[in-house]
Amino acid sequence: MPSMFEGLQLPATFDAHVHLRSGEIMEKVVGTIRDGGADMVFVMPNLVPPITTVEMALEYQSKLQALEPNVTFLMSLFLCPALTPDVIIEAKKAGIKGVKSYPAGVTTNSATGVLDYKSFYPVIAEIQKQGLILNLHGECPSSSSDEITILNAEEAFLPTLGMLHRDFPDLKIVLEHCTTEKAIEAVKSYPTVVGTITAHHLSLTVDDWAGDSFNYCKPVAKTPRDRIALLKAAASGSPQFFFGSDSAPHSIQAKQGSLDPQAKQAAGVFTQPFCTQLVLDAFEQGCQEGLLNEDHLTHKVLSGFLGEHGRLFYGQPTSNKQIILGASQIVQIPDLIAVDNRAVAIAPFRRGQRTRSLGWL
């Protein structure tokens, strides 16, 4: 069992990309945020219906805060035709931190997403003016005519990232859940752009999800070379890269495509209850494989990637709360996490495997 980080103390994690859903699943997963070592999260707006108004965002935030008062929930709006510059001004005044863009149809609950960014330029200009953050799901929809598939959808999106940076040079942009070496290099080339990296993409390659619906997510994990690039970026100490779990709970029925014979398997993995440990496990595995140097994984590097870089980018203070790894014993990740009505269960990432325990100081 990994021992490299046993007894390690770090500031609480900031998870810059979470899906907390609604209803009974929301009530279950919100309670697991602190289990994974986080005391602040940036919340995605792709509910049904999506969060497109300030009122909806604040109402959702209030529900989340009531469920877990010890976590700070940073809120976002869903980029769609309903957003106007006036809504962005209102969002800034209300403390909303970002606007999330989904290309239409590429992932869960994104059917009303973006088809043409230039049609949103007045809204994006106001996002830049107000100092909000534009969060990008960086993929293009699959297209047989353009030869775009889930394997190259992220690479195909990178020219759009370049266009947005060129046309809005002061706009703070997050390229979320980077999965490729080319995405990492693109982020490095734009001073106002950052990239988030998930725990599962630090561990997975294409062979791990092909045939395993529980490892299937969007964007999909890519090649071993891409995974190496992600590990090195996460361990680089650069403030342009920080943690965003993209933890996405789905019922086991949805993950297996059994709710509807015509439905596709749901894209997303659920890492929330163990997210900090999973990142550190991936770093340790990278050291064992000779991909990372243990001596370079300093306290500053680890705390930067797991929280401090993200807090700085979002204008948040350093956490005064501390977590400790391996404080008690090895824990086994459960095979299933039952939701209250027992008819629904969620399968966590690396189900049935072991990881370090985590405690709060």
Side-chain angles (χ1 to χ4, degrees), residues 16-17 42 44-46 50 52 76-85 88 97-198 201 217-223 226 229-230 233 240-242 244 246 267 313:
H17 186 149
F42 183 70
M44 295 296 107
N46 60 330
T52 57
S76 63
L77 298 176
F78 188 101
L79 185 61
C80 67
L83 288 195
T84 65
I88 300 303
K97 298 301 180 183
V99 176
K100 176 63 181 279
S101 166
Y102 292 93
V106 301
T107 191
T108 304
N109 300 336
S110 64
T112 58
V114 176
L115 292 172
D116 173 21
Y117 278 93
K118 290 194 174 182
S119 67
F120 287 94
Y121 268 24
V123 174
I124 296 173
E126 195 64 47
I127 293 171
Q128 177 179 252
K129 181 179 179 181
Q130 295 299 325
L132 269 65
I133 293 168
L134 180 63
N135 301 80
L136 300 175
H137 181 119
E139 290 188 288
C140 288
S142 294
S143 168
S144 57
S145 60
D146 295 326
E147 296 189 350
I148 298 174
T149 72
I150 59 173
L151 293 177
N152 64 5
E154 181 178 84
E155 181 181 346
F157 181 82
L158 296 179
T160 300
L161 173 66
M163 177 188 74
L164 289 168
H165 174 70
R166 180 198 69 213
D167 293 346
F168 300 96
D170 296 323
L171 177 64
K172 297 174 72 174
I173 298 174
V174 182
L175 183 63
E176 296 189 323
H177 42 49
C178 298
T179 64
T180 60
E181 182 180 30
K182 290 185 177 180
I184 295 298
E185 293 306 313
V187 169
K188 291 178 182 178
S189 67
Y190 304 127
T192 57
V193 176
V194 299
T196 57
I197 300 174
T198 76
H201 285 123
C217 57
K218 287 286 195 76
V220 298
K222 306 300 194 306
T223 68
D226 290 317
L230 300 181
Q240 281 190 274
F241 298 100
F242 50 85
D246 191 20
F313 190 77

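Remember, it's a predicted structure, so these values are computed and weren't measured experimentally.
Taking the ring centre of Phe313 as origin, the terminal cationic atom of Lys172 falls inside the region bounded by 6.0 Å and 45° from the ring axis.
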Where do Val99 and Ile88 land on the side chain to side chain contact (heavy atoms under 4.5 Å, CB included) test, with the steps shown first?
-> CA-CA 9 Å; Val99 176; Ile88 300 303; 3.8 Å; yes
Checking side chain to side chain contact (heavy atoms under 4.5 Å, CB included) for the pair Glu126/Val123: CA distance, chi angles, key distance, verdict?
-> CA-CA 5 Å; Glu126 195 64 47; Val123 174; 5.8 Å; no
Go through the steps to decide whether Leu175 and Leu161 satisfy the test side chain to side chain contact (heavy atoms under 4.5 Å, CB included), and finish with yes or no.
-> CA-CA 8 Å; Leu175 183 63; Leu161 173 66; 4.0 Å; yes
Does the side chain to side chain contact (heavy atoms under 4.5 Å, CB included) test come out yes or no for Leu164 and Leu136, once each step is laid out?
-> CA-CA 11 Å; Leu164 289 168; Leu136 300 175; 4.0 Å; yes
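For the side-chain contact (heavy atoms from CB on, under 4.5 Å) test, residues two or more places apart in sequence or in another chain that qualify with Asp170 are Gln128. Looking at residues two or more places apart in sequence or on another chain, you find a side-chain hydrogen bond (donor to acceptor under 3.5 Å, both in side chains) between Asp226 and Thr223. Remark: Lys100 pairs with Tyr102, Glu176 by the side-chain hydrogen bond (donor to acceptor under 3.5 Å, both in side chains) rule, at least two apart or across chains. Take Thr192 and apply the side-chain hydrogen bond (donor to acceptor under 3.5 Å, both in side chains) test, not counting sequence neighbours, and it matches His165. Taking the side-chain hydrogen bond (donor to acceptor under 3.5 Å, both in side chains) definition, one finds that Ser144 meets it with nothing, sequence neighbours left out.
Under the 3.5 Å distance criterion, the side-chain polar atoms of Asp116 are matched with a main-chain donor or acceptor of Lys118. With hydrogens and angles disregarded, no donor-acceptor distance shorter than 3.5 Å links the side chain of Asp167 to the backbone of Gly162.
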N/O donor-acceptor pairs under 3.5 Å from side chains in residues 180-188, not counting sequence neighbours:
{"from": "Thr180", "atom 1": "OG1", "to": "Glu154", "atom 2": "OE1", "distance (Å)": "2.5"}
{"from": "Thr180", "atom 1": "OG1", "to": "Ala183", "atom 2": "N", "distance (Å)": "3.0"}
{"from": "Glu181", "atom 1": "OE1", "to": "Arg225", "atom 2": "NE", "distance (Å)": "2.7"}
{"from": "Glu181", "atom 1": "OE1", "to": "Arg225", "atom 2": "NH2", "distance (Å)": "3.3"}
{"from": "Lys182", "atom 1": "NZ", "to": "Glu155", "atom 2": "OE2", "distance (Å)": "2.9"}
{"from": "Glu185", "atom 1": "OE2", "to": "Lys188", "atom 2": "NZ", "distance (Å)": "3.3"}

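Between Phe168 and the options Tyr117, Phe120, Tyr190, Tyr121, a ring pair (Phe, Tyr, Trp, His ring centres under 6.0 Å) holds for only Tyr121.
Side-chain contact between Leu171 and Ile127 is present, with heavy atoms from C-beta onward closer than 4.5 Å. Looking only at side-chain heavy atoms (C-beta outward), Val193 and Val174 stay at 4.5 Å or farther from each other.
Going from atom CD1 of Ile150 over to atom CD of Glu139 covers 8.5 Å, rounded to the nearest 0.5 Å. Here Cys178 contributes atom SG and Lys222 contributes atom NZ; the two are 10.0 Å apart, rounded to the nearest 0.5 Å. Separating the CG atom in Asn135 from the OG1 atom in Thr196 is a distance of 8.0 Å, to the nearest 0.5 Å.
Scanning both residues, Pro141 and Ile148, for their nearest heavy atoms gives O-CG2, 3.5 Å. Between Ser189 and Pro191, the shortest heavy-atom distance links the atoms O-CD, 3.9 Å. Ser76 and Pro45 make their closest contact through OG-CD, 3.2 Å (heavy atoms, listed as atom of the first residue, atom of the second, distance). The nearest pair of heavy atoms linking Ser101 to Leu134 is CB-CD1, 4.4 Å. The two residues Ser145 and Ser143 come nearest to each other via the heavy atoms OG-OG, 3.0 Å. A pairwise comparison of heavy atoms in Ile197 and Ala233 identifies CD1-CB, 4.0 Å as the closest pair.
The distance between the ring centers of His177 and His201 does not fall below 6.0 angstrom.
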